[in-house]
Asker: 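Dumping the structure here so I can ask a few things about it.
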Amino acid sequence: MEDKTDIAARGKRLRHTGLIVFACAVLLAVVLALCLGGKGSGIALPAGSAELYDVTEQTGYQRTDANITVDNVQQVIASMRRPDAYTASVTNTLYWSGSWETIYAMQYVRDGVCLTGYFNSEGNMERYEAVKDDIYYAWRNGGATQYSGSAGTVSADDMSMIPTYETVVQEEKTDILAAGERTVNGEACIYVTVNDTDTGYSLTYWVSAVSGLLVQADYNRGSELVRSVVIDNIQQEEPMEALFLLPDGSSLLANEAE
C-alpha cells in the first residue's frame, strides 16, 4: 500500500504534467496568433451562482453527503464516474500579456476510445487525435495517412487540454482552498479549488453532479486568469462509428479493430 508521501508525490507529478501540457498549449496559441494575426474573440465564461444547490443523485453518481466541504470533497470526487459514451465541445481560452487565443475541439468517447477533433481558424475540422489503450493515433481530416505510436504519459484529457479533475483525490488536504456546490448554466456542480505551492497557480474545477464530467476549469496565477476550459454541449449517446475510422479504413472500435 502506498504511504501518504508516495500519494502526495504522485499527485504533484500529475499536476506538474498538466502544467507542462498547459505550457505547450500556450506556445501553440502564440504561434496561432502570430500566423493568423489579431486577437481571439474570447468567450463568455459560465459563472457559478453563490446559492447552494440541493444535488439530486443521478445514475452512476453516488455520494454520502449533500453538503460539500473541503473535508469531504475528495471523497465525493472519488465517488463520481464519467459516462462510458458521450460527445462534448471543448473550448480552451489562453490569456497572456493582455491578449488571448481560443482553441476549439470536439471530444468523442465510446468503447474505451477517446477521439478528439480540432477545428481550424475557419471553423472546419482540421485534424484528429485518438487514444486507445496505450496507443496514440493522429491524422488530418480527409488525409490518406495516419500516425500511431505509444501514448506514453499522454492521456485522453491531455489531448483536449482538459485538466483531469480526478487528481483532486491525490492532493494534500492543505492544498484544497475551497469546495462546495454551485450551479453552472442551471446544472448542479461540485466545485473545488486546489493550490500548487510549487508553481503559484491555483486551479478551480466545476464537475457536473448530473453527468460526472468536468464542465469548466480555470487556471489562475494570483488574481490573474491565465487559462479557462469550458466543456459544453454534452450528449450522453454513443458517437457514430464512422467517426472512429482511420485513413487506412480500419476502425478504432473494439469490435472492428484488427
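Note that the structure is predicted; figures quoted are calculated from it, not measured.
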Asker: Can you check side-chain contact (heavy atoms from CB on, under 4.5 Å) on Arg127 and Asn120, steps first, answer last?
Answerer: CA-CA 9 Å; Arg127 61 189 173 87; Asn120 61 20; over 6 Å; no

Asker: Identify the two heavy atoms, one from Ser208 and one from Val215, that lie closest to each other, and give their separation to 0.1 Å.
Answerer: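 Smallest interatomic distance, heavy atoms only, reads CB-CG1, 3.9 Å.
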
Asker: Looking at every non-hydrogen atom in both residues, tell me the closest pair between Met80 and Ala209 and how far apart they are.
Answerer: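 Scanning both residues, the minimum pair turns out to be CE-CA, 3.9 Å.
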
Asker: Under a 3.5 Å cutoff, is there a donor and acceptor pairing between the side chains of Ser202 and Thr193?
Answerer: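 Short answer, no.
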
Asker: Does one hydrophobic cluster hold both Ile135 and Leu246, with members joined at side-chain heavy-atom distances below 4.5 Å?
Answerer: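 Per the 4.5 Å side-chain linkage, Ile135 and Leu246 are co-clustered.
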
Asker: side-chain hydrogen bond (donor to acceptor under 3.5 Å, both in side chains) for Asn72 and Gln74? Distances and angles first, verdict last.
Answerer: CA-CA 6 Å; Asn72 65 19; Gln74 289 172 299; over 6 Å; no

Asker: May I ask you to decide if Glu238's main-chain N or O and Arg110's side chain share a donor-acceptor pair within less than 3.5 Å?
Answerer: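 Such a contact is absent between Arg110 side chain and Glu238 backbone.
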
Asker: Under the 3.5 angstrom rule, does the side chain of Thr164 hit a backbone N or O of Glu166 as a donor-acceptor pair?
Answerer: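 Looks like no, no N/O pair under 3.5 Å.
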
Asker: Side chains of Asp248 and Ser250: any donor to acceptor distance under 3.5 Å?
Answerer: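 Side-chain D/A pair, Ser250 to Asp248: present.
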
Asker: Check whether any side-chain heavy atom of Val226 sits under 4.5 Å from a side-chain heavy atom of Asn220, and report yes or no.
Answerer: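 Side-chain contact under 4.5 Å: no.
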
Asker: Between Ser155 (side chain only) and Asp158 (backbone N and O only), is there a donor and an acceptor less than 3.5 Å apart?
Answerer: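 A pair under 3.5 Å: yes.
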
Asker: So how far is it from Gln170 CD to Ile77 CD1, rounded to the nearest 0.5 Å?
Answerer: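 Result: 12.5 Å between the selected atoms.
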
Asker: With a 3.5 Å cut-off and no angle check, do the side chains of Tyr136 and Glu129 form a donor-acceptor pair?
Answerer: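 Result is yes, a qualifying pair exists.
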
Asker: Could you check if a side-chain atom of Val90 sits within less than 4.5 angstrom of a side-chain atom of Ile162, using non-hydrogen atoms only?
Answerer: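 Heavy-atom side-chain distance check passes, below 4.5 Å.
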
Asker: Between Asp218 and Leu203, is there a side-chain heavy-atom distance shorter than 4.5 Å?
Answerer: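 In short, these two side chains do not touch, never coming nearer than 4.5 Å.
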
Asker: Are the side chains of Glu241 and Leu253 in contact, using a 4.5 Å heavy-atom criterion?
Answerer: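 SC-SC contact between Leu253 and Glu241 confirmed.
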
Asker: Does Asp232, at its CG atom, have more than 12 non-hydrogen atoms belonging to other residues, nucleotides or ligands within less than 6.0 Å?
Answerer: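 Check passes, neighbour count above 12.
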
Asker: Show the numbers, then the answer: is there a side-chain contact (heavy atoms from CB on, under 4.5 Å) between Met159 and Val154?
Answerer: CA-CA 7 Å; Met159 290 192 309; Val154 176; 4.2 Å; yes

Asker: At their closest point, which heavy atom of Tyr95 faces which heavy atom of Ser228, and how far apart are they?
Answerer: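 That closest heavy-atom pairing would be CE1-N, 4.3 Å.
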
Asker: I'd like to know if Asp196 pairs up with Arg221 as an ion pair, taking the criterion as any Lys NZ or Arg NE/NH1/NH2 lying under 4.0 Å from an Asp or Glu carboxylate oxygen.
Answerer: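 No salt bridge links Asp196 with Arg221.
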
Asker: Starting at CZ of Phe244, measure out to NZ of Lys132 and round the result to the nearest 0.5 Å.
Answerer: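 That separation rounds to 10.5 Å.
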
Asker: Between the main-chain N or O of Asp157 and the side-chain N or O of Ser160, is there a donor-acceptor pair closer than 3.5 Å?
Answerer: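 Flag not set: sc Ser160 to bb Asp157 has no pair under 3.5 Å.
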
Asker: Can you confirm whether Val229 sits close enough to Ile231 that some side-chain heavy atom of one is under 4.5 Å from a side-chain heavy atom of the other?
Answerer: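 Contact flag for Val229/Ile231 side chains = yes.
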
Asker: Which atom names give the shortest non-hydrogen contact between Gly212 and Arg82, and what distance separates them?
Answerer: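 Answer, listing the atom of Gly212 first, then Arg82: O-CG, 3.8 Å.
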
Asker: Quick check: is Leu177 connected to Tyr205 through a chain of hydrophobic side chains (ILVMFWY, heavy atoms under 4.5 Å apart)?
Answerer: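 Looking at the clustering, Leu177 is in a separate group from Tyr205.
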
Asker: For the aromatic rings, using the six-membered ring if either is Trp, is the centroid distance between Trp139 and Tyr128 under 6.0 Å?
Answerer: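 Aromatic pair counts; centres sit under 6.0 Å.
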
Asker: Should Leu245 and Leu243 count as side-chain neighbours, where that means a heavy-atom distance under 4.5 Å?
Answerer: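 Counting from C-beta outward, Leu245 and Leu243 never come under 4.5 Å.
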
Asker: Write down the atom of Pro247, the atom of Thr145, and the distance for their closest heavy-atom approach.
Answerer: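 Nearest pair, atom of Pro247 first, then Thr145: CG-O, 3.5 Å.
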
Asker: As an exercise, state the distance from OG1 of Thr91 to OH of Tyr104, rounded to the nearest 0.5 Å.
Answerer: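 Taking OG1 in Thr91 and OH in Tyr104, the distance rounds to 6.0 Å.
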
Asker: Mind listing the closest non-hydrogen atom pair of Leu214 and Pro163 along with its distance?
Answerer: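 Closest pair (atom of Leu214, atom of Pro163, distance): CD2-O, 3.6 Å.
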
Asker: Rounded to the nearest 0.5 Å, how far apart are OG1 of Thr174 and CD1 of Ile176?
Answerer: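 So the OG1 of Thr174 and the CD1 of Ile176 are separated by 8.5 Å.
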
Asker: Check whether any side-chain N or O of Ser97 sits under 3.5 Å from a backbone N or O of Ser99 as a donor-acceptor pair, and report yes or no.
Answerer: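 No, the answer is negative, given that no donor and acceptor are paired below the 3.5 Å cut-off.
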
Asker: Applying side-chain contact (heavy atoms from CB on, under 4.5 Å) to Val192 and Thr204, what does each step give before you reach the verdict?
Answerer: CA-CA 6 Å; Val192 55; Thr204 300; over 6 Å; no

Asker: Could you tell me if the side chain of Glu126 sits less than 4.5 Å from the side chain of Asn141, heavy atoms only?
Answerer: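 When only atoms from C-beta onward are counted, Glu126 and Asn141 do not touch, as no gap falls below 4.5 Å.
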
Asker: Would you compute the distance between atom OG of Ser89 and atom CE of Met106 and round it to the nearest 0.5 angstrom?
Answerer: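 Ser89 atom OG to Met106 atom CE measures 4.0 Å (nearest 0.5 Å).
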
Asker: Rounded to the nearest 0.5 Å, what separates atom CG in Asn92 from atom OH in Tyr118?
Answerer: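 Going from CG on Asn92 over to OH on Tyr118, the span is 9.0 Å.
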
Asker: Hey, are the side chains of Tyr86 and Gln107 touching, using non-hydrogen atoms and a 4.5 Å cut-off?
Answerer: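 The answer is yes; the side chains approach within 4.5 Å.
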
Asker: Do Trp96 and Ile103 sit in the same hydrophobic cluster, where Ile, Leu, Val, Met, Phe, Trp and Tyr count as joined when their side-chain heavy atoms come under 4.5 Å apart?
Answerer: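 Yes.
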
Asker: Take Tyr137 and Leu252, measure what side-chain contact (heavy atoms from CB on, under 4.5 Å) needs, and give me the verdict at the end.
Answerer: CA-CA 9 Å; Tyr137 300 84; Leu252 291 168; 3.5 Å; yes

Asker: Can a salt bridge be assigned to the pair Glu171 and Lys173 using a cut-off of 4.0 Å between side-chain N and carboxylate O?
Answerer: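 So Glu171 does not pair with Lys173 through a salt bridge.
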
